Amino acid sequence: MSSSSSTSGSQQQPPIILYHYPASPYAKRIVWYLHLRGIPYTQCLQPMILPRPDLSSLLGIKYRRIPLLSIGRDVYLDTRLILSKLEDLDLPHFREKLSAAPGTDALALQSLLSHYSIDGGLFSRAAQLLFSLDNPLLRDPKFLADRAEFATGGGGAAPPKFSSREEMAALGPEALADLRDYCQMLETTVLADGRDWILKDAKQPGLADIEAVFVLHWVKSLPGALPREQFSEEKFPRVWKWVERFRGAVGETSPPAAAQKGNGNSKITTVKGDKAQDLILGAEWNEDSEKKGVDAGEAIVQFHGLKKGTVVEVWPTDSGSAPAHRDVGRLVSLDAREVVIENEKGVRVHAPRHGFRVKPSSQAVASSL
């Protein structure tokens, strides 16, 4: 199939399909971005726990995290890679891009907030608060087994177990202390001058706001998670007003009909897995990964002797890393930013280098591309 690129204004935008479930705080990062730029998309809603045959059976994708985003026949993993690829979209009918300008202090702030929220452990801390709440999911053995397998990697005959609920709940006070420190940092530094958005003089929320707000947005939505004596508009007035401004900007405080009319997307189409499969496999590539090739200077390439066409496995290193969730395919390209493989279904799967591992696979033997 011929290659195409979505970044040229003279070519038609390939279909964009978001695989997610609405309660996912990571999926909201992508939903917000699409909303703010007015990018129309299709969604394929997924169950909160495995199995997800729309992905594993129909597209041959074993990765178990949510969300995933397809643009044409390219499927992107990990929200930071997804957001960067959406930033690359540059058709005239989309609104302006949301990232800070290259080479600026603002871009450094945006990147630091991303690392703080994800790699720095803020989200993980917030998740510990769940065990202090009366959440029905925490009484569901299937949900607990699924999340235990996700957190520990799994792969054993019996599902791995979390620590007891009491032990996990005991971490709640420490989690609250870290979240309070985060609110205090925003209140007394970035937002201290009264700006509306994370980047000074910004007219609308940008990628820096998405990076900064998603953990607070999620934990504020959990009834009882944040004790009012420690977290409130009185304690952190600038932070609380900023979060509410953001909710308004992404349509969460508008009536459903008004939000849909004004969100720039006009309509979000929902499809079943088989329809999504047809749209993806019937589309052209979003980008010409073949042209990039495999960077021979990369240490992982030299260590494993990788070359274009090598059958490799790709998987995240911190969670969801069980062998059953490792994607296998022929290596199309690899550089400092990402690795791209083509699987047996003819889908190209893109994963970031950061937080993912690549190695030759023993699961399959295939001819080179």
Side-chain angles (χ1 to χ4, degrees), residues 18 20-36 43 45-49 65-67 79 83 113-114 116-118 120-140 143-144 146-147 150-151 165 168-169 171-187 191 197-198 205 207-256 258-260 263 268:
L18 177 63
H20 74 119
Y21 54 86
S24 166
Y26 276 91
K28 286 187 184 299
R29 289 159 53 84
I30 309 305
V31 171
W32 293 335
Y33 183 97
L34 293 164
H35 178 106
L36 288 170
Q43 64 180 0
L45 297 176
Q46 299 300 299
M48 187 175 286
I49 64 174
R65 293 177 178 175
I66 289 294
T79 57
L83 289 169
L113 287 167
S114 175
Y116 195 140
S117 298
I118 300 174
L122 187 68
F123 179 83
S124 297
R125 276 304 206 185
Q128 292 170 350
L129 296 177
L130 289 172
F131 294 88
S132 303
L133 306 178
D134 184 22
N135 190 320
L137 287 174
L138 298 180
R139 298 189 293 273
D140 182 346
F143 176 83
L144 292 174
D146 178 85
R147 288 309 190 264
F150 169 76
R165 181 168 179 176
M168 294 299 293
L171 299 175
E174 298 172 10
L176 288 172
D178 283 355
L179 285 162
R180 185 179 58 210
D181 285 349
Y182 183 63
C183 289
Q184 184 70 13
M185 182 274 290
L186 292 176
E187 184 78 16
L191 299 174
W197 308 112
I198 291 295
L207 194 48
D209 293 274
I210 292 174
E211 299 290 6
V213 82
F214 91 100
V215 176
L216 284 179
H217 178 281
W218 178 55
V219 77
K220 281 177 90 276
S221 73
L222 302 173
L226 298 178
R228 183 167 177 78
E229 60 271 18
Q230 297 182 53
F231 298 87
S232 67
E233 186 171 355
E234 290 71 34
K235 293 285 184 181
F236 303 110
R238 296 182 182 91
V239 172
W240 251 235
K241 289 175 182 176
W242 163 67
V243 173
E244 286 307 302
R245 275 196 300 275
F246 184 87
R247 292 186 64 235
V250 296
E252 292 185 352
T253 58
S254 304
Q260 186 181 73
N263 71 5
I268 300 169

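What you see is a predicted model, and the numbers here were worked out from it, not measured in a lab.
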Would you name the heavy atoms of [X] and [Y] that are closest together and state the gap between them?
| X | Y | result |
| --- | --- | --- |
| Pro22 | Leu45 | CD-CD2, 4.1 Å |
| Gln128 | Ala175 | OE1-CB, 3.9 Å |
| Gly248 | Thr253 | CA-OG1, 3.2 Å |
| Ala249 | Leu36 | O-CD2, 3.8 Å |
| Leu113 | Ala208 | CD1-O, 4.0 Å |
| Asp178 | Leu122 | O-CD1, 4.3 Å |

Side-chain touch [X]/[Y], heavy atoms, less than 4.5 angstrom:
| X | Y | answer |
| --- | --- | --- |
| Trp242 | Arg238 | no |
| Lys28 | Val250 | no |
| Cys183 | Leu216 | yes |
| Ile210 | Pro205 | no |

Nearest 0.5 Å please: distance from the [atom1] atom of [X] over to the [atom2] atom of [Y].
| X | Y | atom1 | atom2 | value |
| --- | --- | --- | --- | --- |
| Ser221 | Glu252 | OG | CD | 9.0 Å |
| Tyr26 | Arg65 | OH | CZ | 8.0 Å |
| Phe214 | Ile30 | CZ | CD1 | 10.0 Å |
| Ile198 | Leu186 | CD1 | CG | 5.5 Å |
| Leu179 | Glu174 | CG | CD | 12.0 Å |
| Tyr33 | Asp209 | OH | CG | 13.0 Å |

Determine, stepwise, if the pair Lys220 / Trp240 fulfils side chain to side chain contact (heavy atoms under 4.5 Å, CB included). CA-CA 10 Å; Lys220 281 177 90 276; Trp240 251 235; 3.5 Å; yes
Could you pull out all residues at least two apart from [X] that satisfy side chain to side chain donor-acceptor pair (under 3.5 Å)?
| X | answer |
| --- | --- |
| Arg180 | Gln230 |
| Tyr182 | none |
| Glu229 | none |
| Arg29 | Thr79, Glu211 |

Could you go through Val31 and Ile268, starting from their C-alpha distance and side-chain angles, then the distance that decides it, and tell me whether this counts as side chain to side chain contact (heavy atoms under 4.5 Å, CB included)? CA-CA 10 Å; Val31 171; Ile268 300 169; 5.8 Å; no
Strictly below 4.0 Å, N to O, side chains only: are Glu244 and Lys241 in salt-bridge contact?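 Judged by the 4.0 Å cut-off on N to carboxylate O distance, Glu244 and Lys241 do not form a salt bridge.
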Take Gln46 and Ile66, measure what side chain to side chain contact (heavy atoms under 4.5 Å, CB included) needs, and give me the verdict at the end. CA-CA 9 Å; Gln46 299 300 299; Ile66 289 294; 4.2 Å; yes
For residues 131-140, please give each side-chain donor-acceptor pair under 3.5 Å, one per line with the distance, not counting sequence neighbours.
from: Asp134; atom 1: OD1; to: Arg139; atom 2: NH1; distance (Å): 2.6
from: Asn135; atom 1: OD1; to: Leu137; atom 2: N; distance (Å): 2.9
from: Asp140; atom 1: OD1; to: Lys142; atom 2: N; distance (Å): 2.9

I would like to know whether Glu234 and Arg228 meet side chain to side chain contact (heavy atoms under 4.5 Å, CB included); could you show each step before the answer? CA-CA 9 Å; Glu234 290 71 34; Arg228 183 167 177 78; 2.8 Å; yes
Per the ring pair (Phe, Tyr, Trp, His ring centres under 6.0 Å) rule, what does the pair list look like for residues 217-238, sequence neighbours excluded? Trp32-His217, Phe123-Trp218
